[in-house]
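First comes the structure, then the notes that go with it.
For the numbers below, each heavy atom of this structure counts, side chains included, while hydrogens, waters and symmetry mates do not.
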Amino acid sequence: MFGCGCCYWNRGFDFYDPLPEPKPFSLPSPLPVWPSGNGFGTGRICLGEIEVYKITEFESVWSCNPPRGKSKGVTFYKAASIPDGFSSLGDYCQPIDRPVKGYVLVAREVIAPDTKSGCNHRSVLDSPALTKPVGYMLVWNSDSPHDDCVYIWLPDPPSGYKAVGFVVTTTPDEPSLDEIRCVRADLTDMCEISEKILDMEADVSKSRVQVYNIRPCLRGISRTGVSVGTFFCTTHLISEVYLSIACLKNLDSTLHAMPNLNQIHALINHYGPTVYFHPKEIYMPSSVSWFFKNGALLYRNGKSEGEPIDYMGSNLPAGGTNDGEFWIDLPEDNDRRSYIKKGNLESAELYVHVKPALGGTFTDIAMWVFCPFNGPSTLKVGLMTIEMNKIGEHIGDWEHYTLRLCNFTGELWGMFFSQHSGGSWVDAYDLEFIDGNKPIVYSSKNGHASFPHPGIYAQGPKKLGIGIINDVGKSKYFIDSSSRYQIIGAEYLGDGVITEPFWLQYMREWGPMIVYDVTTELENILNRLPIFVRFSVETLFDLFPTELYGEEGPTGPKEKDSWEGDERC
């Protein structure tokens, strides 16, 4: 499998020992039998005129480990055990240094109409949904004098069709036209590159080659693009590249492969993460109703006194936009303010939004946690850790993480960890688990950003050694979201299935605008620094996000871009 120790053959580099073959990834525990429903967890999904099946078993075609410092090693694979009647749409590639955790879709044309699944049989006058290419274009080959050369081919589709993947061979012979199928153009959508898998420069191989994962350009709750799991290969600079392949499009408006309500509860019970808060956390989460019951006030622009909020939020203004006319604040009484700031872990629960992802082939379960107060930030300057007095504080804190589940099987595919104004996706193989297949989420001290592992995470310019610290660790303070949750949104289920809480329609700020006088705090920092790492106040000011120095209260979950769109990394 790993016969090629190095992708350089002509200039005297030593061959490296091949890396051990990566093992397939599997979750810690077997999947349960999901409650019965429509198409969720059945292994196949109808996209309208074609039906797709997810392949996760592969046969290796070629592998290489380029010279150190040039690029990570990769392996190219072909789908194994393709069911009868289905055809390959393209091959698969992934880095060597991770477990085999990927998929490619294989497809077949719908044979007969199926109103239940939304599949539609084409008429005899229509062009077929799938067809053979008319030929291939050689995109790149390794130009090896050895027997383990590789060739990457782009299918040449007939007029009116699109290729959705590449073909990899170990011989210079053009692949068979039966090797792959192209897809009628109206059944496809535009795609874009995402993670770079391989980048070999011209001094390493015959010519520079880059390989990327691809994904639909438009992603979100109402988007129809479906990722095929294939890769994109080019020998050009990426700025010059026009993606010559496409992704699929789900034309089944019923989204029959999405889980029903019983299946949603089963998924949360099986995968609901345990959220650990820092051992020294002061500002715990609470339920929204606890926050309202214990004195949160609604303020309106032009009025000096706040109005008590009903525990259900029924007197909050609903709908509209964040126009600055309303905001929520704590009581003026200092003792009451201090009490509410600390939250109430016993009442806390996760607020769940369930939505289709990647054209309904995946389900995103976004779980939101509310904290009445976000504490001050901790800064890292060189080897020094400095806890701020005020900078970073704000009232009302909404953070979340998202489980991405495969609708073919119900398997957990990855998680998004929200981290202040951004976040990151983490594959399932890189998560920590507890109690079977339940991942662990670590919430950062004071700021409540989510992370997959304990430790200290710094945000800021690494070369200068300056940043905001996110300190996370396991403690006795935690929430088990597999049992303490409330579903607040699942629009695809239809009207009346999920009752949204009143407060979800509140589109304004959950805290007042805060402006800090930071000059004194920054000067204190500078005075504690060694002379050789001194900065001016202005320079230090520019190194940190502006929201640290003056921040509007955060808006609620439904006002975030990720409510209807994909997660923002």
Side-chain angles (χ1 to χ4, degrees), residues 22-32 34 41 54 56 72 94-103 194-195 197 213 215 227 229 259 264 266-278 350 352-355 357-358 361-369 399-420 422-444 447-457 470-475 477-485 562 566-569:
K23 302 295 183 182
F25 170 79
S26 59
L27 292 167
S29 298
L31 297 186
W34 305 114
K54 189 183 77 169
T56 56
K72 292 182 179 180
Q94 76 157 56
I96 291 174
D97 63 351
R98 66 183 64 172
V100 178
K101 179 66 167 67
Y103 70 93
S194 54
E195 178 193 15
I197 307 174
N213 282 328
R215 62 188 181 188
S227 177
I264 290 172
L267 290 166
I268 296 174
N269 296 156
H270 186 75
Y271 290 118
T274 295
V275 185
Y276 282 102
F277 297 89
H278 193 273
L350 277 296
V352 176
H353 180 215
V354 187
K355 56 183 180 175
L358 299 176
T361 55
F362 286 82
T363 295
D364 278 359
I365 298 181
M367 309 190 84
W368 293 84
V369 60
E399 296 289 350
H400 76 285
Y401 54 83
T402 298
L403 303 163
R404 177 156 288 180
L405 306 169
C406 173
N407 288 349
F408 289 92
T409 60
E411 181 183 359
L412 174 64
W413 208 251
M415 281 188 67
F416 179 81
F417 291 81
S418 171
Q419 295 151 6
H420 307 301
S424 60
W425 281 103
V426 177
D427 287 327
Y429 66 79
D430 199 24
L431 299 172
E432 290 185 24
F433 291 92
I434 187 173
D435 188 21
N437 293 334
K438 296 179 173 68
I440 294 176
V441 175
Y442 294 94
S443 179
S444 65
H448 312 121
S450 300
F451 294 88
H453 305 288
I456 295 178
Y457 299 81
N470 294 282
D471 192 358
V472 298
K474 190 175 290 188
S475 75
Y477 308 117
F478 65 88
I479 305 175
D480 179 1
S481 65
S482 69
S483 57
R484 292 170 59 180
Y485 68 91
S562 63
D566 200 6
E567 299 290 0
R568 182 174 59 184
C569 299

Query raised in the report: Going by atom types alone, do Thr363 and Asn407 pair a side-chain donor with an acceptor below 3.5 Å?
Result: yes
Query raised in the report: OG of Ser29 to CZ of Phe433: how many Å apart, nearest 0.5 Å?
Result: 9.5 Å
Report summary line: Rounding to 0.5 Å, atoms NE2 (His270) and CG (Leu405) come to a distance of 9.5 Å
Report task. Check whether any side-chain N or O of Ser418 sits under 3.5 Å from a backbone N or O of Gly423 as a donor-acceptor pair, and report yes or no. Result -> no
Report task. Provide the closest heavy-atom pair for Gly473 versus Tyr276 in the form atom of the first, atom of the second, distance. Result -> O-CB, 4.1 Å
Query raised in the report: Side chains of Trp413 and Lys101: closer than 4.5 Å at any heavy-atom pair?
Result: yes
Query raised in the report: Quick one: are His353 and Thr402 in side-chain contact, heavy atoms under 4.5 Å?
Result: no
**Report entry** Heavy atoms of other groups near Phe478 CZ, more than 12 under 6.0 Å
**Finding:** no
**Report entry** Pair Arg404 + Asp566: basic N to acidic O under 4.0 Å
**Finding:** yes
Query raised in the report: Do the side chain of Ser562 and the main chain of Glu567 share a donor and acceptor less than 3.5 angstrom apart?
Result: no
Query raised in the report: Hey, does Leu267 have a side-chain heavy atom less than 4.5 Å from the side chain of Trp34?
Result: yes
Requested in this report: Grab the two heavy atoms, one from Leu403 and one from Pro273, that are nearest each other, plus how far apart they are.
Outcome: CD2-CG, 4.0 Å
Query raised in the report: With a 4.5 Å limit on heavy-atom distance, are the side chains of Phe451 and Val426 in contact?
Result: no
Report summary line: In terms of heavy-atom contacts, Gly272 and Ser481 come closest through C-OG, 3.3 Å
Requested in this report: Could you tell me the separation between the CD1 atom of Ile268 and the CG atom of Leu350, rounded to the nearest 0.5 Å?
Outcome: 9.0 Å
Requested in this report: Could you pull out the closest heavy-atom pair between Ser482 and Asp480, with the gap in Å?
Outcome: OG-OD1, 2.6 Å
Query raised in the report: Can you find a heavy atom in the side chain of Val275 that is under 4.5 Å from one in the side chain of Val369?
Result: no
Report summary line: Note: Arg568 and Phe416 closest approach over all heavy atoms is O-CZ, 3.4 Å
Query raised in the report: Has the side chain of Lys474 got a donor or acceptor atom that lies under 3.5 Å from a matching backbone atom of Tyr442?
Result: no
Query raised in the report: Any side-chain heavy atom of Leu27 sitting closer than 4.5 Å to one from Tyr271?
Result: yes
**Report entry** Donor-acceptor under 3.5 Å (His453 side chain, Asp430 main chain)
**Finding:** yes
Query raised in the report: Is there side-chain contact between Met415 and Val441, with at least one heavy-atom pair below 4.5 Å?
Result: yes
Report task. Mind checking the CG-OG spacing from Asn470 to Ser450? Nearest 0.5 Å is all I need. Result -> 10.0 Å
Query raised in the report: Do Cys406 and Lys54 come within less than 4.5 Å of each other through their side chains, counting heavy atoms only?
Result: yes
Query raised in the report: Between Tyr401 and Phe417, does the ring centroid distance fall short of 6.0 Å?
Result: no
Query - Nearest-0.5 Å distance, CE of residue Met367 to CZ of residue Arg484 - result: 11.5 Å
Requested in this report: Using only heavy-atom distances, determine whether the side chains of Tyr457 and Gln419 contain a donor-acceptor pair under 3.5 Å.
Outcome: no
Query raised in the report: What pair of heavy atoms forms the shortest contact from Gly102 to Thr56, and how long is it?
Result: O-CG2, 3.5 Å
Query raised in the report: What distance separates Ile479 CD1 from Tyr485 OH, expressed to the nearest 0.5 Å?
Result: 15.0 Å
Requested in this report: For the pair Asn213 (side chain) and Ser194 (backbone), establish whether a donor and an acceptor sit closer than 3.5 Å, ignoring hydrogens and angles.
Outcome: no
